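What follows is one structure encoded as structure tokens, with my remarks underneath.
For clarity, every value in this text was computed on a predicted model and none was experimentally measured. Every number for a ligand or one of its atoms is a count from 1 in the order of the listing.
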Amino acid sequence: MYLHLADQHLHTDNSPDGSHSAILMCERAVELGLRAIAFTDHCEAPEYYDGYYEKALPQAYFDAVKAKSVFQGRLLVLIGVELGGAVYEEELCRRLLSQYSYDIVLSSLHFVKGAKEYHLIDYRQVDYRPVLEEYFKELLRQAKQNLFDSLAHLDYPTRYIRMQGVACSLKPFADLIDEILKVLVQNGKALEINTSGLSACFHTTLPGYDVIKRFRDLGGELVTVGSDAHCTASLGGGLEEGIALAHKAGFSYVTMFQRREPVLLKIE
Ligand SMILES: [Zn+2]
Ligand SMILES: [Zn+2]
């Protein structure tokens, strides 16, 4: 078992798909002996004014603040957000990030504005290649926008493509992925190793080892590891495997973020 386990991607019942309160998630983290956890409830920027997120975002923030104070001395609680689709709402995102004192901001892209969410597409009917090409192009724009600390689940749509039993390769997108990784390197940002895929039928992290290794080879220094748990049962899931992959790819540290600054945790 590794000494420093810090789950950097977690959802509570302040996410539309989350099940448990911040307090229950903290209790589970203490049981598991984690050093730190980060609450990163969803904020889908393009849907912010539709009703849900405008209420949930402040609630998530204050619930995390409460949990942090309750668990002081037993567990380091980091307060974060998974900011989706920031590329479509730059001004709003800049305002939210100045309004709340987050420890960590994850960047994600769950859908291209105006198109279907990736988990709703039937990839047995729709060719995944143009879908992925558009995704990586938009993700590149969002990476360049630079409003985050760690880029979450870089190959997110492949989760749903593979879950539908459709084999998919990232090879045709190697240049685009390289461009994204280089932007992270240039801006000193982290790549997330999202371990949620380890318990799915395809059994790999998002992204997989090849992309993690490529990030390292391009000069990447920072990786965060997160279970992306939406309930207590999955909290911390796959963290050890995620850290082992980082180590194998040549990283000596994984990273957590405090007040938007990287804190390096030696892999030992
Ligand atoms: Zn996500
Ligand atoms: Zn998430």
Side-chain angles (χ1 to χ4, degrees), residues 6-22 25 28-29 37-48 52-53 56-57 59-61 63-64 78-89 93 96 102-113 115-121 131-132 135-136 138-139 142-143 147-163 180 184 189-200 202 204-208 211 223-239 242 256-257:
D7 196 332
Q8 296 294 285
H9 189 153
L10 289 173
H11 296 274
T12 72
D13 53 6
N14 288 312
S15 286
D17 46 359
S19 307
H20 294 120
S21 67
M25 296 293 270
R28 179 66 185 144
I37 60 170
F39 288 118
T40 55
D41 278 304
H42 289 291
C43 175
E44 289 297 339
E47 297 176 344
Y48 187 74
Y52 179 84
Y53 294 106
L57 189 83
Q59 189 65 51
Y61 185 83
D63 284 353
L78 303 165
I79 305 169
V81 64
E82 181 178 0
L83 195 53
V87 69
Y88 304 118
E89 288 288 347
C93 292
L96 294 174
Y102 287 120
D103 289 304
I104 176 167
V105 178
L106 301 179
S107 174
S108 63
L109 189 64
H110 297 119
F111 57 92
V112 162
K113 201 177 179 183
K116 260 191 188 171
E117 292 184 38
Y118 292 112
H119 67 281
L120 299 176
I121 298 175
V131 175
L132 270 187
Y135 168 80
F136 285 123
E138 290 296 86
L139 193 66
Q142 191 162 287
L147 289 180
F148 60 93
D149 304 306
S150 185
L151 183 66
H153 45 58
L154 176 135
D155 56 350
Y156 173 77
T158 68
R159 174 189 187 92
Y160 301 101
I161 299 168
R162 290 184 281 183
M163 276 167 71
I180 295 168
L184 298 182
K189 301 298 175 184
L191 176 71
E192 179 191 75
I193 301 174
N194 186 301
T195 61
S196 66
L198 290 169
S199 57
F202 51 89
T204 58
T205 53
L206 296 164
V211 175
V223 280
T224 61
V225 184
S227 69
D228 207 350
H230 288 67
C231 61
T232 52
S234 347
L235 193 151
L239 283 191
M256 64 179 181
F257 280 86

Item to complete: Please work out which of the three classes, parallel, tilted or perpendicular, describes the rings of H153 and H9, given edges at 30° and 60°.
Response: tilted
Worksheet, complete the sentence: Counting only protein N, O or S atoms (no waters) closer than 2.8 Å to the Zn ion (ligand 2) gives 4
Discussion item. Do Q8 and S150 pair up side chain to side chain, a donor and an acceptor below 3.5 Å, judged on atom types alone?
Written reply: no
Worksheet entry | salt bridge (charged side-chain N to carboxylate O under 4.0 Å, His left out) contacts touching residues 103-112 (sequence neighbours left out) | none
Worksheet item: Quick one: does K189's side chain have a donor or acceptor within less than 3.5 Å of a partner on L151's backbone?
Response: no
Worksheet item: Which class fits the ring pair Y135 and Y118: parallel under 30°, tilted 30 to 60°, perpendicular over 60°?
Response: perpendicular
Practice prompt. Give me the ring orientation class for Y160 and H119: parallel if the planes are under 30° apart, tilted from 30 to 60°, perpendicular past 60°.
Written response: tilted
